[in-house]
Amino acid sequence: MMLLTIVIPTYKRPAELLRLLRWLLVETAPVAGSIRVIISDNASPCGVSADVIDIVAAHPWMTLFQQRCNVGPDQNFMDAVDRVATPYFWLLGDDDLMVTGLLKQVLAYLKNHEPDLIYLPSYWTTDDLAVPARALASHELQFFTVDTKELATHCHVNLTFISSWIVKRTHWQSSCGSSRDPNALVRTNLLQMAWMLQALIQGSQFAIADNVCIVASSGNTGGYKLLTVFGKNLREILTDQLNGRREILDLIVNRLGWTYLPSLIWFGRTQHGDDFLPEDYEAALILWRSEWAYKLIQKPMLTLPKRLAFLLFVLVKFLDRMWTITNRFRYTLTRIKS
């Protein structure tokens with residue numbers, strides 16, 4: 001029985017896509033018959049390589065879909081997930097890799113526990129992904145059960161990172177049939193929040209892997225307005241879809257406002273974000289202006305001289321680190337007591 005579909009949206013990354021498919025051929029060998037792969041190419045100018053076409057043709061459990069024109073990342077995600085027929089799906093970035101031996105352990109957990117969501121921690125690098133993907137492999141990977149509040153606290157903005165999540169398909173189906181129409185999220189660059197937030201609202205079984213599972217390409221994204229997506233679009237989506245679930249909303253928004261957005265502002269000021277579209281930072285942060293995170297951190301990060309802004313950035317990174325350590329310590333105590 002096929003249990004999991006790995007969905008690979010791709011655009012103009014022929015070398016990375018070929019690398020991932022060759023990696024998957026090795027990783028799926030021990031679990032043949034349980035995995036399906038759907039590749040959705042968003043009308044890449046040069047199409048997909050002949051090598052990719054040959055691999056797909058030789059493996060019936062792989063499917064390649066090619067858009068007739070560039071429909072944008074959100075619509076490409078939606079069209080690909082609509083083709084999923086297995087109980088679970090996993091959007092995997094074409095420039096990311098799973099660690100060696102992960103699939104067998106993930107499938108065993110899915111079969112035995114039937115979670116709504118699994119969070120797979122990631123490691124980011126600009127180097128050859130294959131090296132850490134082999135080095136970080138865990139032969140005794142454990143999955144810890146958490147509730148909705150713990151998941152939101154631990155993962156916060158990582159809810160947006162597609163490669164880190166395995167999702168029960170029923171949450172995508174229910175979001176399509178609900179008043180929260182996923183089509184409303186097209187062109188926000190955050191279509192994935194349709195099923196992620198639906199799972200948070202409806203689900204009860206969540207799991208977090210205890211070791212790195214995904215090796216991701218750092219600095220290999222762009223083509224959108226960075227602060228608009230995470231400062232404006234994400235805030236609007238969270239507020240709308242988590243209406244009535246204030247205990248979850250506040251956890252995610254607080255981490256977003258106090259640590260993540262200031263880091264994006266510093267990135268924009270110092271590295272210029274050349275791969276991202278130009279934008280009005282003040283307009284992107286309009287929803288935050290009445291909040292202390294904006295007054296104490298975000299606004300000064302925008303306006304202070306770089307040396308002073310750097311001191312704030314260091315404080316932000318310290319707060320973020322302490323937040324993470326505190327959460328890990330709390331979860332460790334919970335596990336010991338249980």
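Numbering starts at 1 and runs along the sequence shown. What you are looking at is a predicted structure, and each value in this text was computed from that prediction instead of being measured.
Side-chain contact between Pro87 and Met1 is present, with heavy atoms from C-beta onward closer than 4.5 Å. Contact check for His113 versus Thr145: no side-chain heavy atoms found under the 4.5 Å cut-off. The shortest side-chain heavy-atom distance between Leu4 and Leu103 falls under the 4.5 Å cut-off. Contact annotation: the side chain of Asn183 approaches that of Met78 to within less than 4.5 Å [non-hydrogen atoms, C-beta and beyond]. Side-chain atoms of Leu312 and Pro262, non-hydrogen and from C-beta on, never get closer than 4.5 Å to each other. Under the 4.5 Å side-chain criterion, counting only non-hydrogen atoms from C-beta, Ser217 is not in contact with Glu16. Contact annotation: the side chain of Met98 approaches that of Leu24 to within less than 4.5 Å [non-hydrogen atoms, C-beta and beyond]. Side-chain contact between Leu117 and Met196: present, with at least one pair of heavy atoms (C-beta onward) separated by less than 4.5 Å.
Between the side chain of Thr125 and the backbone N or O of Asp127 there is at least one donor-acceptor pair closer than 3.5 Å. Counting only distance, with no hydrogens or angles, the side chain of Gln192 and the backbone of Ile162 share no donor-acceptor pair below 3.5 Å. With hydrogens and angles disregarded, a donor-acceptor distance shorter than 3.5 Å links the side chain of Asp210 to the backbone of Gln142. Judged by distance alone, with hydrogens and angles left aside, the side-chain atoms of Asp74 form a donor-acceptor pair with the main-chain N or O of Arg187 at under 3.5 Å. His59 places a side-chain N or O within donor-acceptor distance of the main-chain N or O of Ile55, the cut-off being under 3.5 Å. Side-chain N or O atoms of Ser174 include one that pairs as donor or acceptor with a backbone N or O of His171 at under 3.5 Å. Between the side chain of Ser164 and the main chain of Leu120, a donor-acceptor pair closer than 3.5 Å is present. Under a 3.5 Å cut-off, the side chain of Trp288 and the backbone N or O of Gly231 do form a donor-acceptor pair. Looking only at distances, a side-chain donor or acceptor of Asn254 sits under 3.5 Å from a matching main-chain atom of Asp250. With hydrogens and angles ignored, the 3.5 Å screen pairs a side-chain donor or acceptor of Asn76 with a backbone N or O of Ser40.
By the 6.0 Å contact criterion, CZ on Phe65 is enclosed, its count of non-hydrogen atoms from other residues, nucleotides or ligands being greater than 12. Environment of NZ in Lys295: crowded, with over 12 heavy atoms of neighbouring residues, nucleotides or ligands closer than 6.0 Å. Other residues, nucleotides and ligands place more than 12 heavy atoms under 6.0 Å from the CD atom of Glu247.
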Do Leu311 and Leu304 pass the side chain to side chain contact (heavy atoms under 4.5 Å, CB included) test, and can you show the C-alpha distance, the side-chain angles, and the key distance before you say yes or no?
CA-CA 10 Å; Leu311 295 178; Leu304 286 175; over 6 Å; no
Evaluate the criterion side chain to side chain contact (heavy atoms under 4.5 Å, CB included) for residue pair Leu234 and Val157; output intermediate values, then yes/no.
CA-CA 9 Å; Leu234 182 56; Val157 77; 4.0 Å; yes
Please walk me through it: do Phe206 and Asp147 pass side chain to side chain contact (heavy atoms under 4.5 Å, CB included)?
CA-CA 6 Å; Phe206 309 111; Asp147 61 23; 5.6 Å; no
Side chain to side chain contact (heavy atoms under 4.5 Å, CB included) evaluation trace for Tyr224 with Leu226
CA-CA 6 Å; Tyr224 58 89; Leu226 184 62; 3.8 Å; yes
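For the pair Lys232 and Glu279, the salt-bridge criterion is not met [side-chain N within less than 4.0 Å of a carboxylate O]. Between Arg289 and Glu291 there is no salt bridge, since no side-chain nitrogen of the basic residue lies less than 4.0 Å from a carboxylate oxygen of the acidic one. Under the 4.0 Å criterion applied to side-chain N and carboxylate O atoms, Lys104 and Glu27 are not assigned as salt-bridge partners. Between Arg255 and Asp320 a salt bridge is recorded (basic side-chain N to carboxylate O distance below 4.0 Å).
Aromatic ring pairs are classed by plane angle as parallel below 30°, tilted from 30° to 60° and perpendicular above 60°; the pair Trp195 and Trp172 is perpendicular. Ring orientation note: the planes of Tyr109 and Phe143 are tilted relative to one another, at an angle of 30° to 60°.
Of the inter-residue distances, the one linking Lys299 atom NZ with Thr303 atom OG1 reads 5.5 Å to the nearest 0.5 angstrom. Between the CG atom in Asn243 and the CG atom in Leu238 there is a gap of 12.0 Å [rounded to 0.5 Å]. Here the straight-line distance linking atom CG of Asn211 with atom CG of Leu102 works out to 10.0 Å at 0.5 Å rounding. The CG atom of Leu141 sits 5.0 Å away from the CD atom of Gln105 when rounded to the nearest 0.5 Å. We find the CG-CD1 distance between Leu110 and Ile118 to be 4.0 Å, quoted to the nearest 0.5 Å. A distance of 11.0 Å separates NZ in Lys225 from CG in Asn189, rounded to the nearest 0.5 Å.
Between Phe161 and Trp124, the gap from one ring centroid to the other is short of 6.0 Å.
When all heavy atoms are compared, the tightest approach of Leu20 to Gly93 is CD2-O, 3.6 Å. Annotation for Thr160 and Met193: closest pair CG2-SD, 3.8 Å, computed over non-hydrogen atoms. Shortest non-hydrogen contact noted between Asp280 and Glu282 is OD1-N, 3.0 Å. Between Thr188 and Leu191, the shortest heavy-atom contact is OG1-N, 4.1 Å. Nearest heavy-atom pair, Leu249 versus Thr239, reported as atom, atom and distance to 0.1 Å: CD1-N, 3.9 Å. Of all heavy-atom pairs spanning Ala194 and Pro182, the tightest one is CB-CB, 3.9 Å.
Residues Leu308 and Tyr281 share a hydrophobic cluster, clusters being chains of Ile/Leu/Val/Met/Phe/Trp/Tyr side chains in contact below 4.5 Å. Connection of Val71 to Leu91 is not established within any shared hydrophobic cluster, with ILVMFWY side chains joined at heavy-atom distances below 4.5 Å, either directly or through further cluster members. When hydrophobic clusters are built by joining Ile, Leu, Val, Met, Phe, Trp and Tyr residues whose side-chain heavy atoms come closer than 4.5 Å, directly or via intermediates, Tyr123 is grouped together with Ile166. There is a path of hydrophobic side-chain contacts, each under 4.5 Å, that joins Val215 to Leu17. Placement of Val52 and Leu129 within a single hydrophobic cluster is found when ILVMFWY residues are connected by side-chain heavy-atom separations under 4.5 Å, directly or transitively.
Side-chain contact check for Gln202 and Asp116: no donor-acceptor pair (N or O, by modelled atom type) lies under 3.5 Å. A donor and an acceptor atom, one from each side chain of Asn158 and Trp165, are nowhere located under 3.5 Å apart.
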